[in-house]
Amino acid sequence: MDRNSIIGFSLIFLILMGYAWYTSPTDAELAAKRSKDSIELVKQELLKKTDGVAVKQDSLGNSTAAAKTAMVDSVLLNGLGSMAKQANTAANFEGKEVEKVVKIANKEVSLEILTKGASIGKVTLNNYKRSDSSALVLLDEAHSQWFFEIFTANGALKSSDFIWNVVEANANSVRLRLGDTSRYIDLFYSLNPEGFVVNKQMILHGMDQLVKTRNTGIRLEWNATLQKQEKDIKWENQNSTIAYKLEKANPDKLSEASESQEELKGPLQWVAFKQQYFSCVLASATGFSTDAKLSWKAIPEDKQLKTNEVKDMHAEMYLDFESEKHKVYNLSYYFGPNQYYTMQEAQLGIENHQLQRVIPMGWGIFGWVNRYVVVPVFHMLEGVIGSMGIIILLLTVIIKTVLLPLVYKSYISTAKMRILKPELDVIKEKHGSDLQKMQSENMELYRKAGVSPLSGCVPMLLQLPILFAMFQFFPNAFELRQKTFLWAHDLSQFDGPYLGFTIPFYGDHVSFFTLLMTISTLIYTHLNNQISGVTGQMKYIGYIMPIIFLGVLNSYASGLTWYYFVSNMITFTQQWVIRRTVDDQKLHAQIAENRKKPVTKSKFQQRMEEAMKASQQKQAAAKRK
């Protein structure tokens, strides 16, 4: 070997030695590797010990074996220290009863808090019953799941994988802890002596070195399968959905009609799993962060009949975490009725939370009528009268009394039109099919007689907001739930028996209040036709709508059809009184006097005449061509 070869091999050897020295692990890296190797050995040992545990499925369909594998990853790869001792593993709790239930309650709500996951297992409303008279359970362990995940440097810490220690407990509060005094997570549940709000504090202490800085934050997941509470599960389906409120926005909701999902952009204040008359709400005083995901899925009809399950609800939310040594999150639940003032006054720690807006009151002017007129009057009457049927009657009397001037004006206008009808018929015969000339002479007749054809329609249109507001109010009025009146056992449901068979368009049951409403509406239509003097096809069209509503309203709340029946009866009385007090001869004399006065045209009449003349000129020009 010559000198050049020796020098070359020596240089290569020195380079390799230098590279080996430069890339060799430090003492800290060697320690981390030994720790990792030890963790892998312990992990394998723990998995072997769980081999003999029977594999079963939880309510969401996840296998225990898969959950244990994920849990072992979560515990051993995250460096949790003393928290690892509370992991729900065979190594920690083999042969021991690990899950306990802590009960807290006040006058309205009873809760069962589970030590496994520190979540709410069961919610019972003490003062209400289901339609079958059983206890009203909003949530239970078999049909709901709540947990959070904290994202650490090496993986996720999932709250439901641990058995939490009970630090303190009394009749209306409980504190559960994961960890020790140096590093822990506390969940503190408390109830006021009265009310439907559950206060919840989530406290993170010493977690700043473990939790990632604001990357994905703390993920909250809430799943629940709503249970049937009312008589008619179809109505519960139609009125169950997820409602929510974003910061600086009015509450909104997912569609009730078809399966829905939505990803929200912007801070979220609360989310509600809403049923027809009850809601489960989760709120944050400081707000959840962005990117919340909400969705619900339908339950197949054949399964619903067996399980009485309504819909599957899912909510995924996030809380911000900025590596604070001590961080407190103030959360709250509302478990209670969809009752306007009860929800409005719920103490959620959020200014102007508008939780009462989960109750459908109608859009636009119909919602305003309900919120600012109907609800306050109804609430006032409820404070002094015990019978809901009588309250509806008095509410109807008040509404019809307020609307009486409009009814009177409409009647006078209709009576004047009836007086002019013979002259209108002559004009119709004179011009035959020439509609423009006929309308022109009709307008001239109205102007000379001082009669406006719109004066009868406008008062009726002004009554429509009340009519539609009532249509929205009564089916959603919690106050009617399970309240009896006459033969109706529940004014929030249809009254009357099942038939045992189904009639197309009508249904499988009879609602007696709906029958009374239909009969009274047909009588009202007949009397109104006599007053207005309507003839021809128009005379019979008015009878069609009551027949249609007989089928449409058969399944609606009997409180609504009782209101419509009472409204019709009061209208009969008002019109009878008006007819007795209004003299047709005086109306004739008034019309005659109006004809003697010089005719003044309003701007509206001038525009109408100009439009008609322009149209006539166009038609004449077209004929000449």
Side-chain angles (χ1 to χ4, degrees), residues 46 50 58-60 62 64 67-68 70-105 110-123 139-142 144-152 155-191 198-208 210-211 218-224 282 319 321 326-333:
L46 283 175
T50 60
D58 59 20
S59 61
L60 299 178
N62 301 314
T64 304
K68 285 180 179 177
M71 174 276 306
V72 169
D73 287 337
S74 175
V75 172
L76 295 178
L77 298 179
N78 289 322
L80 299 181
S82 62
M83 292 183 180
K85 297 178 182 179
Q86 292 175 243
N88 186 22
T89 65
N92 285 337
F93 298 104
E94 188 171 19
K96 300 178 183 178
E97 185 180 349
V98 296
E99 186 174 352
K100 297 179 182 178
V101 175
V102 181
K103 297 181 180 181
I104 61 174
S110 294
L111 301 178
E112 291 185 2
I113 311 296
L114 307 177
T115 57
K116 181 183 178 182
S119 63
I120 297 175
K122 188 176 183 180
V123 179
L139 298 175
D140 60 35
E141 187 180 0
S144 65
Q145 182 188 61
W146 183 96
F147 65 85
F148 66 85
E149 285 184 332
I150 296 181
F151 295 90
T152 68
L157 181 157
K158 188 175 179 181
S159 62
S160 56
D161 288 339
F162 297 87
I163 305 299
W164 295 55
N165 293 326
V166 179
V167 178
E168 58 179 276
N170 55 45
N172 54 20
S173 68
V174 60
R175 183 186 298 273
L176 300 104
R177 174 168 294 179
L178 175 62
D180 55 25
T181 55
S182 62
R183 177 186 291 171
Y184 62 82
I185 304 173
D186 274 5
L187 290 179
F188 180 64
Y189 297 89
S190 64
L191 283 165
V198 181
N199 301 305
K200 179 178 180 178
Q201 274 194 334
M202 182 176 175
I203 305 169
L204 276 65
H205 180 80
M207 300 291 291
D208 50 315
L210 183 65
V211 182
I218 301 173
R219 187 175 78 93
L220 307 181
E221 186 168 324
W222 188 18
N223 302 300
L282 174 59
L319 293 169
F321 185 80
H326 188 84
K327 178 68 175 178
V328 179
Y329 298 96
N330 291 309
L331 308 174
S332 56
Y333 292 96

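Any value given below was found using the heavy atoms of this structure, including those in side chains, with hydrogens, waters and symmetry copies removed.
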* **Trace of the side chain to side chain contact (heavy atoms under 4.5 Å, CB included) decision for Lys103 with Val174** => CA-CA 9 Å; Lys103 297 181 180 181; Val174 60; over 6 Å; no
* To do: Apply side chain to side chain contact (heavy atoms under 4.5 Å, CB included) to Ile218 and Tyr329, showing your working.
  => CA-CA 11 Å; Ile218 301 173; Tyr329 298 96; 3.6 Å; yes
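Proximity of Leu187 to Ile113: side-chain heavy atoms (C-beta onward) are nowhere separated by under 4.5 Å. Under the 4.5 Å side-chain criterion, counting only non-hydrogen atoms from C-beta, Leu114 is in contact with Val101.
The shortest non-hydrogen separation linking Asp140 to Ser144 is O-OG, 2.8 Å. The nearest pair of heavy atoms linking Ala105 to Asn172 is O-CB, 3.7 Å.
Under the ring pair (Phe, Tyr, Trp, His ring centres under 6.0 Å) criterion, Tyr184 pairs with His205, sequence neighbours left out. Listed by chain and number, the residues in a side chain to side chain contact (heavy atoms under 4.5 Å, CB included) with Val167 are Arg175, Arg177 (sequence neighbours excluded). Residues passing the side chain to side chain contact (heavy atoms under 4.5 Å, CB included) test with Glu149, sequence neighbours excluded: Phe147, Phe151, Ala156, Lys158, Arg219.
From Ile120, atom CD1 reaches atom CD1 of Ile104 across 7.5 Å, with rounding to the nearest 0.5 Å. One distance of note links CE of Met207 with CG of Leu178; it measures 7.5 Å at 0.5 Å rounding. Between Ser110 atom OG and Lys122 atom NZ the span is 9.5 Å, to the nearest 0.5 Å. Of the inter-residue distances, the one linking Leu176 atom CG with Phe188 atom CZ reads 10.5 Å to the nearest 0.5 angstrom. Note that the CD1 atom of Ile185 and the CE atom of Met202 stand 6.0 Å from one another [nearest 0.5 Å]. Atom CH2 of Trp146 and atom CG of Leu282 lie 7.5 Å apart (nearest 0.5 Å).
In terms of modelled atom types and a separation under 3.5 Å, the side chain of Ser159 and the main chain of Phe148 share a donor-acceptor contact.
Crowding of Lys116 atom NZ: a count of heavy atoms from other residues, nucleotides or ligands under 6.0 Å not exceeding 12.
A perpendicular orientation is assigned to the rings of Tyr333 and Trp222, their planes being inclined by more than 60° (bins at 30° and 60°).
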